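Here is the structure we will look at.
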Amino acid sequence: MAPVPESVLKKRKRQEKWEEDAKAAAAAAETKGAAAKAEAFKRAESYVKTYREQEQSLVTLKRAARVKGTFYVEPEPKLLFVMRLRGINGMHPKTRHIMKVLRLLQIHNGVFMKVNKATMNNLVKVDPYIMYGYPNLKTVRDLIYKRGFAKVNGQRVAITDNTVIEANLSEKTKGAVICLEDVVHQIYTVGPYFKECSKFLWPFKMSSPVGGFSRIRNHFVEGGDAGNREEYINELIRRML
């Protein structure tokens, strides 16, 4: 039997080492993936429990107020969903700049925003060109799951699994956001990492609503579509998903 050249033996050893390393890496990735999945599931369960407790608490407070013959005033909404309604025709340069700051660059683009004085001042200035309101939990979840895209290195990337979120948000949020349910929770509750999650989400590209708009040049209070729709935004978003 002819002796095997040393170069062939070295090549075999290298190949075997690569195969072993690849197997070890795959096993480690599988273990990490299973742990991350379990953690995401645990977090999702805790969020559902929290939301149910909040709903129950609200019902209890309303009942208590009714028994006393008074009214329970709900806390002011903290979250807005803002959507662009009209194009660029006849738009003032200042208004155009505000639209750019709000990241509403195309018709039917939508973004989540925190309710504060600065936001409301900007929205009032561009009122005829946008519509906005207070989304509920179902709307926030549907938007993120059905229309959510991530902004990664300036690119619009589909959120196919939680690794995209973990890679881009885990470090920035000190491990608080590692899965899609974390993003939903931070957005809906306007949590401490709302800004990071909002920036991570690419502006939502909505479809024209089923059944069409009423009158986009008129304000909502005049029977049109522009301006603040408050909680009625939820029904419109469902028609646009």
Side-chain angles (χ1 to χ4, degrees), residues 76-159 168 180 183-184 186-188 190 194-241:
E76 288 279 310
K78 295 183 286 182
L79 178 68
L80 281 171
F81 186 72
V82 186
M83 215 168 351
R84 182 162 181 165
L85 193 58
R86 284 163 60 185
I88 209 165
N89 285 2
M91 194 184 279
H92 192 277
K94 274 189 180 176
T95 309
R96 206 177 300 174
H97 176 68
I98 293 169
M99 287 296 214
K100 198 175 174 183
V101 169
L102 298 177
R103 300 193 299 152
L104 301 173
L105 303 177
Q106 296 173 318
I107 295 175
H108 299 166
N109 269 182
V111 291
F112 288 115
M113 286 185 184
K114 194 187 287 191
V115 177
N116 57 34
K117 195 179 176 187
T119 301
M120 297 314 288
N121 284 348
N122 272 340
L123 295 184
V124 165
K125 288 171 190 170
V126 294
D127 215 42
Y129 299 94
I130 58 168
M131 53 189 172
Y132 54 98
Y134 312 124
N136 57 28
L137 176 61
K138 185 183 185 310
T139 301
V140 172
R141 187 176 272 133
D142 283 353
L143 276 166
I144 292 172
Y145 273 90
K146 293 179 181 178
R147 295 276 169 151
F149 279 80
K151 187 177 183 180
V152 181
N153 300 325
Q155 300 291 310
R156 185 170 181 258
V157 177
I159 305 172
N168 290 279
L180 210 52
V183 176
V184 171
Q186 288 293 331
I187 294 287
Y188 177 63
V190 188
F194 174 83
K195 191 178 175 184
E196 285 82 356
C197 293
S198 182
K199 277 188 176 180
F200 169 73
L201 292 170
W202 192 275
F204 296 89
K205 293 188 176 187
M206 309 297 284
S207 305
S208 292
V210 174
F213 289 112
S214 306
R215 285 190 294 276
I216 63 168
R217 291 186 177 276
N218 287 26
H219 198 280
F220 183 65
V221 294
E222 298 165 347
D225 291 294
N228 191 356
R229 303 175 73 92
E230 297 183 352
E231 66 275 1
Y232 295 106
I233 192 87
N234 294 296
E235 182 268 332
L236 179 69
I237 290 170
R238 268 194 277 285
R239 288 196 285 128
M240 294 182 82
L241 280 171

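This one's a predicted model, so the numbers in the text were calculated from it and none came from an experiment.
Contact of the Val152 side chain with the Trp202 side chain is not registered, since no non-hydrogen atoms from C-beta on lie closer than 4.5 Å. Counting only heavy atoms from C-beta outward, the side chains of Phe204 and Met240 never approach each other to under 4.5 Å. For the pair Lys125 and Thr95, the minimum side-chain heavy-atom distance is 4.5 Å or more. Residues Phe200 and Ile159 form a side-chain contact, since some pair of their non-hydrogen atoms from C-beta on lies under 4.5 Å apart. Two residues are said to be in side-chain contact when any heavy atoms from C-beta on lie closer than 4.5 Å; Met206 and Asn109 fail this criterion. Looking only at side-chain heavy atoms (C-beta outward), Asn234 and Pro135 come within less than 4.5 Å of each other. Inter-residue side-chain proximity for Met91 and Met99 is flagged as met; some heavy-atom pair is nearer than 4.5 Å. The side-chain heavy atoms of Leu85 and Tyr129, taken from C-beta on, include no pair separated by under 4.5 Å.
Here Asn228 contributes atom CG and Met131 contributes atom CE; the two are 12.0 Å apart, rounded to the nearest 0.5 Å. A distance of 14.0 Å separates CG of Asn168 from NZ of Lys199, quoted to the nearest 0.5 Å. Taking CD1 of Ile130 as the start and CG of Leu123 as the end, the distance is 4.5 Å to the nearest 0.5 Å. The CD1 atom of Ile187 sits 12.5 Å away from the CG atom of Leu137 when rounded to the nearest 0.5 Å.
The heavy-atom pair separating Pro203 from Arg103 by the smallest distance is CG-O, 3.6 Å. Shown here for His108 and Ser208, the closest heavy-atom pair between the two residues is CE1-OG, 3.3 Å. The two residues Pro128 and Ala226 come nearest to each other via the heavy atoms O-CB, 3.8 Å. Leu102 approaches Met113 most closely through the heavy-atom pair CD2-CE, 3.1 Å. Considering every non-hydrogen atom in both Leu236 and Met83, the closest pair reads CD2-CE, 4.4 Å. Shown here for Val190 and Phe194, the closest heavy-atom pair between the two residues is CA-CD1, 4.0 Å.
Arg147 places no side-chain N or O within donor-acceptor distance of the main-chain N or O of Asp142, the cut-off being under 3.5 Å. Using modelled atom types, one side-chain atom of Arg84 and one backbone atom of Leu104 make a donor-acceptor pair closer than 3.5 Å.
Within 6.0 Å of atom CZ in Arg217, 12 or fewer heavy atoms from other residues, nucleotides or ligands are found, so the atom counts as exposed in its surroundings.
With sequence neighbours left out, Phe149 forms a ring-ring contact (aromatic ring centres under 6.0 Å, His included) with no residue at all.
A side-chain N or O of Asn136 and one of Thr139 form a donor-acceptor pair less than 3.5 Å apart.
Looking at Tyr232, Tyr134, Phe112 one by one, the single match for ring-ring contact (aromatic ring centres under 6.0 Å, His included) with Phe81 turns out to be Phe112.
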